[in-house]
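Input: a single structure, listed below in structure tokens.
Indexing begins at 1, ligand by ligand and atom by atom, following the structure's order. All values below were derived from every heavy atom in this structure, side-chain atoms included, with hydrogens, water molecules and symmetry-related copies excluded.
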Amino acid sequence: MSASRTVICLLRNDLRLHDNEVFHWAQRNADHIIPLYCFDPRHYQGTYHFNFPKTGPFRLRFLLDSVKDLRATLKKRGSTLLVRQGKPEEVVSELIQQLGSVTALAFHEEVASEEKFVEKKLKDVCCQNKVKVQTFWGSTLYHRDDLPFSHIRGLPDVYTQFRKAVEGQGRVRPVLSTPEQVKSLPLGLEEGPIPTFEGLGQTEPVDDCRSAFPCRGGETEALARLKHYFWDTETRNGMIGVDYSTKFSPWLALGCISPRYIYEQIKKYEVERTANQSTYWVIFELLWRDYFKFVGLKYRNRIFHMNGLQDKHVSWKTDMTLFNAWKEGRTGVPFVDANMRELALTGFMSNRGRQNVASFLTKDLGLDWRLGAEWFEYLLVDHDVCSNYGNWLYSAGTGNDPRENRKFNMIKQGLDYDNNGDYVRQWVPELRGIKGGDVHTPWTLSNSALSHAQVSLNETYPSPIIIAPEWSRHINNKSSGPPGKGRKGSSYTPRQHKDRGIDFYFSKNKGF
Ligand SMILES: Cc1cc2nc3c(=O)[nH]c(=O)nc-3n(C[C@H](O)[C@H](O)[C@H](O)COP(=O)(O)OP(=O)(O)OC[C@H]3O[C@@H](n4cnc5c(N)ncnc54)[C@H](O)[C@@H]3O)c2cc1C
Ligand SMILES: Nc1ncnc2c1ncn2[C@@H]1O[C@H](COP(=O)(O)OP(=O)(O)OP(=O)(O)O)[C@@H](O)[C@H]1O
């Protein structure tokens with residue numbers, strides 16, 4: 001009789017059972033499966049340049065939930081999730097020693113150099129112990145091997161070209177089946193405790209009832225959110241509340257939900273209900289996510305470099321007084337401050353907000369974009385290395401933006417997307433007494449209006465640290481246009497592509 005085959009399935013940013021090729025492969029090639037998750041101490045140190053905590057409390061809570069949920073799911077299917085605190089390469093090495101015989105290690109590949117470094121170490125350990133290494137690509141909608149370019153070097157530097165190429169010539173692979181029962185663990189393994197906040201040197205965050213992302217981590221919650229968003233709800237507009245956008249990003253970042261599964265559900269919705277621009281919209285956005293991952297594959301560490309993909313030399317500042325005002329939401333520009341406070345208090349910020357605060361940091365304050373990227377890396381519940389750095393590069397004008405010097409006008413943006421000022425008042429309570437859109441420009445109000453609103457500039461709320469010249473166009477004419485529309489339903493317009501900073505609109509209208 002041949003010896004039993006044991007496969008370690010190392011889970012990383014793929015904390016799900018559905019559409020997971022690691023499990024799918026192991027089910028076919030093992031007698032025993034060891035699902036393993038490692039809390040890698042390197043993830044709880046400082047960010048690279050500015051030493052902010054690398055994983056903040058919101059993402060940690062989401063991760064702990066996701067790990068607990070995967071363990072519970074696996075238990076229902078005859079297995080469990082081994083959890084260890086330690087470097088994956090060391091944990092895997094210990095497991096191999098402990099078990100005496102492991103046939104293979106399977107995991108999903110990542111993109112960035114820190115993760116690649118771990119992969120290299122894992123391969124070394126397996127090579128020394130004659131353990132096979134089986135890797136997969138599984139984080140994107142379109143598989144890396146199905147891209148219509150002969151080499152990743154051929155990836156276009158403009159999103160629209162990428163999108164058209166994959167939509168025209170690519171294919172989305174079908175979702176892999178979910179195992180009813182997962183092959184059992186070998187005997188004698190401790191499943192290991194799931195660490196606590198304290199054990200990882202952190203404090204559990206306090207819930208904020210204003211949060212636009214009050215959701216918990218894990219595959220179960222992700223699938224429930226998808227069902228709710230597609231099948232049970234009509235999307236609302238604006239920047240307040242949970243349903244103005246899908247909110248899939250935190251689950252996608254940890255792999256609790258598969259983009260192919262989302263795609264499959266969209267196609268089902270289109271058949272059973274209706275196909276419209278809103279359903280396409282979600283695919284369009286998922287393709288941005290794909291794009292930034294492939295940009296990461298193409299440009300490797302250049303996505304982290306100050307001069308970006310274009311090696312563009314900009315004399316970025318690192319003035320910490322300006323940066324601190326930005327990060328703490330006390331720049332005196334209410335739309336920026338509201339967004340930055342939302343991020344600090346909830347770990348989430350809308351895409352609209354992210355584009356604006358990034359533009360403000362880089363274009364208005366002239367600060368090093370990596371300050372912003374690392375601050376986001378710390379706080380975002382949905383931090384995804386390629387999406388975060390790719391979007392920051394884009395905002396800083398050193399990435400994949402085909403337009404030169406795109407700069408957002410904070411006042412116009414505030415009035416377009418928070419016309420009545422409700423969003424600002426929600427997050428900047430000092431300004432609650434100011435009615436309507438005036439809340440975007442408190443410094444332009446008369447002393448009597450300010451005193452009536454109980455606002456004292458520089459005492460209860462700061463004067464703006466900067467006033468960009470182009471803002472004046474919108475200060476005396478506060479009704480700059482209709483408020484931004486939601487993305488579901490018939491209110492969709494091409495303008496929304498522009499709103500998202502997406503070159504689709506320009507490609508159609510401005511000749512890019
Ligand atoms: C400076 C900056 C930093 C960002 N950092 C991150 C990050 O770390 N992680 C992250 O997932 N997204 C990031 N984004 C993209 C975007 O803001 C979020 O994906 C989106 O706000 C998440 O909300 P949602 O899931 O409701 O998105 P929806 O609008 O409902 O979109 C559906 C999905 O498409 C993907 N998506 C949408 N827009 C983008 C985009 N511009 N780039 C990449 N993917 C996109 C996301 O996976 C998202 O969940 C960043 C954007 C900016 C401008
Ligand atoms: N998963 C990740 N998350 C965040 N940053 C990452 C990740 N993987 C790699 N990096 C970043 O990649 C960079 C390492 O690349 P590289 O060695 O080319 O830069 P460097 O030479 O160290 O840069 P510098 O000259 O600015 O110090 C670092 O900025 C590191 O933080």
Side-chain angles (χ1 to χ4, degrees), residues 12-13 40 42-43 45-52 54-55 59 110-118 139-141 159 212-213 215 222 225-226 229-230 235 239 242-254 257 259 262-263 266 278 281-293 295-296 299-307 339 343 347-362 368-370 372-396 399-401 408 486-488 496 499-502:
R12 310 175 83 196
N13 292 320
D40 187 334
R42 290 165 291 207
H43 294 171
Q45 294 168 349
T47 57
Y48 191 75
H49 292 284
F50 302 104
N51 204 27
F52 307 134
K54 203 167 163 64
T55 304
R59 192 156 76 255
E110 295 277 350
V111 177
S113 56
E114 287 174 5
E115 288 78 4
K116 286 287 170 207
F117 175 78
V118 175
S139 58
T140 48
L141 181 59
Y159 167 76
F213 189 76
C215 314
R225 170 69 189 165
L226 183 145
Y229 188 81
F230 283 154
T235 304
M239 294 174 72
V242 187
D243 289 332
Y244 64 77
S245 63
T246 66
K247 303 294 179 344
F248 292 156
S249 56
W251 290 292
L252 279 163
L254 279 186
I257 195 160
I262 298 175
Y263 181 86
I266 292 171
S278 313
W281 182 265
V282 179
I283 297 172
F284 185 94
E285 297 293 19
L286 288 174
L287 284 179
W288 267 108
R289 181 175 171 276
D290 273 21
Y291 183 56
F292 285 126
K293 284 227 189 280
V295 166
Y299 284 102
R300 301 281 169 190
N301 274 338
R302 273 170 69 183
I303 66 170
F304 301 109
H305 290 173
M306 186 163 73
N307 298 334
N339 276 291
L343 175 67
F348 196 83
M349 190 194 293
S350 68
N351 186 61
R352 171 75 12 213
R354 295 181 205 199
Q355 288 179 317
N356 273 283
V357 301
S359 174
F360 186 77
L361 183 100
T362 55
D368 185 342
W369 66 271
R370 296 171 305 171
E374 289 191 14
W375 187 251
F376 271 32
E377 178 173 356
Y378 159 42
L379 277 176
L380 278 179
V381 66
D382 64 8
H383 177 256
D384 167 308
V385 60
C386 295
S387 288
N388 188 42
Y389 282 83
N391 273 290
W392 270 99
L393 282 169
Y394 191 100
S395 294
N400 303 91
D401 189 349
F408 283 73
R487 278 175 264 143
K488 253 187 165 181
Q496 285 171 269
D499 294 342
R500 303 280 295 181
I502 286 166

Ligand 1 atoms in contact with F376 (distance to a heavy atom under 4.0 Å): 1 (C), 3 (C)

If you take all heavy atoms of F50 and D368, which pair is closest and at what distance? CZ-OD2, 4.0 Å

Which ligand 1 atoms, with their elements, are less than 4.0 angstrom from a heavy-atom of K247? 24 (P), 25 (O), 26 (O)

Under 4.0 Å from one or more heavy atoms of R289, ligand 1 contributes atoms 43 (C), 44 (N), 47 (O)

With a 6.0 Å cut-off on the ring centroids, do W281 and F284 count as close? yes

Ignoring hydrogens, what is the shortest heavy-atom contact between F408 and S359? Give both atom names and the distance. N-OG, 3.0 Å

Does any part of the side chain of N400, heavy atoms only, come nearer than 4.5 Å to the side chain of Y159, both counted from C-beta? no

May I ask whether H49 places a heavy atom under 4.0 Å from ligand 2? yes

Less than 3.5 Å apart, any donor N or O on the side chain of Q355 or Y394 sitting next to an acceptor on the other? no

Among all protein heavy atoms in this structure, tell me which lies nearest to atom 18 (O) of ligand 2, with the distance rounded to 0.1 Å. H305 NE2, 2.9 Å

Please confirm whether the backbone N or O of H383 pairs with a side-chain atom of N388, one donor and one acceptor, at under 3.5 Å? no

Give yes or no for whether the N/O distance cutoff of 3.5 Å, strictly under, is met between S395 and ligand 1. no

Has ligand 1 got any nitrogen or oxygen that is less than 3.5 angstrom from a nitrogen or oxygen of A358? no

Below a 4.0 angstrom heavy-atom separation, can you tell me which part of E110, side chain or backbone, both or neither, approaches ligand 2? neither

Ligand 1 to L252, heavy atom cutoff 4.0 Å, flagged ligand atoms 47 (O), 49 (O)

Any nitrogen or oxygen of N351, side chain or backbone, less than 3.5 Å from one on ligand 1? yes

Considering only heavy atoms, which of Y48, Y389, F117 lies nearest to atom 23 (O) of ligand 2? Y48

Numbering as shown, the atoms of ligand 2 that approach K54 to under 4.0 Å (heavy-atom distance): 3 (N), 4 (C)

Looking only at distances, can you tell me whether any N or O atom of S245, backbone or side chain, sits closer than 3.5 Å to an N or O atom of ligand 1? yes

Can you confirm if the aromatic rings of Y389 and F304 lie within a centre distance of less than 6.0 Å? yes

Please identify which atoms of ligand 1 are closer than 4.0 Å to at least one heavy atom of D384. 7 (C), 8 (O), 9 (N)

When you measure from the heavy atoms of R300 to every atom of ligand 2, does any distance fall below 4.0 Å? no

Taking the minimum heavy-atom distance to atom 12 (N) of ligand 1, which of R354, M349, E377 ranks first? R354

Looking at every heavy atom in both I262 and L286, which two are closest together, and how far apart are they? CG2-CD1, 3.9 Å

Output the list of atoms in ligand 1 that are nearer than 4.0 Å to some heavy atom of S249, sorted by atom number. 11 (O), 19 (O), 22 (C), 23 (O), 25 (O), 49 (O)

N or O pair under 3.5 Å between W288 and ligand 1: no

Does any donor atom in the side chain of E110 or N13 lie under 3.5 Å from an acceptor atom in the other side chain? yes

Option with minimal heavy-atom separation from atom 27 (O) of ligand 1, where the choices are T246, L141, L286: T246

Within-cut-off N or O pair, D382 and ligand 1, under 3.5 Å: yes

Tell me, please: is L380 in heavy-atom contact with ligand 1, that is, under 4.0 Å? yes

With a cutoff of 4.0 Å, is F348 in contact with ligand 1, counting heavy atoms of the residue only? yes

Below a 4.0 angstrom heavy-atom separation, can you tell me which part of F292, side chain or backbone, both or neither, approaches ligand 1? side chain

Tightest non-hydrogen contact, residues K54 and G46, listed as CD-O, 4.1 Å

Taking it one step at a time, do R289 and D382 satisfy salt bridge (charged side-chain N to carboxylate O under 4.0 Å, His left out)? CA-CA 12 Å; R289 181 175 171 276; D382 64 8; over 6 Å; no

Are any non-hydrogen side-chain atoms of R225 and V242 less than 4.5 angstrom apart? yes

Checking heavy atoms under 4.0 Å, the part of Y291 that sits near ligand 1 is neither

Is the NZ or CZ atom of R354 both under 6.0 Å from the centre of the six-membered ring of F348 and within 45° of that ring's axis? yes

Name the option, out of N301, T47, N307, that contains the heavy atom nearest to atom 17 (O) of ligand 2. N301

So L361 and W375, do their side chains get closer than 4.5 Å, heavy atoms only? no

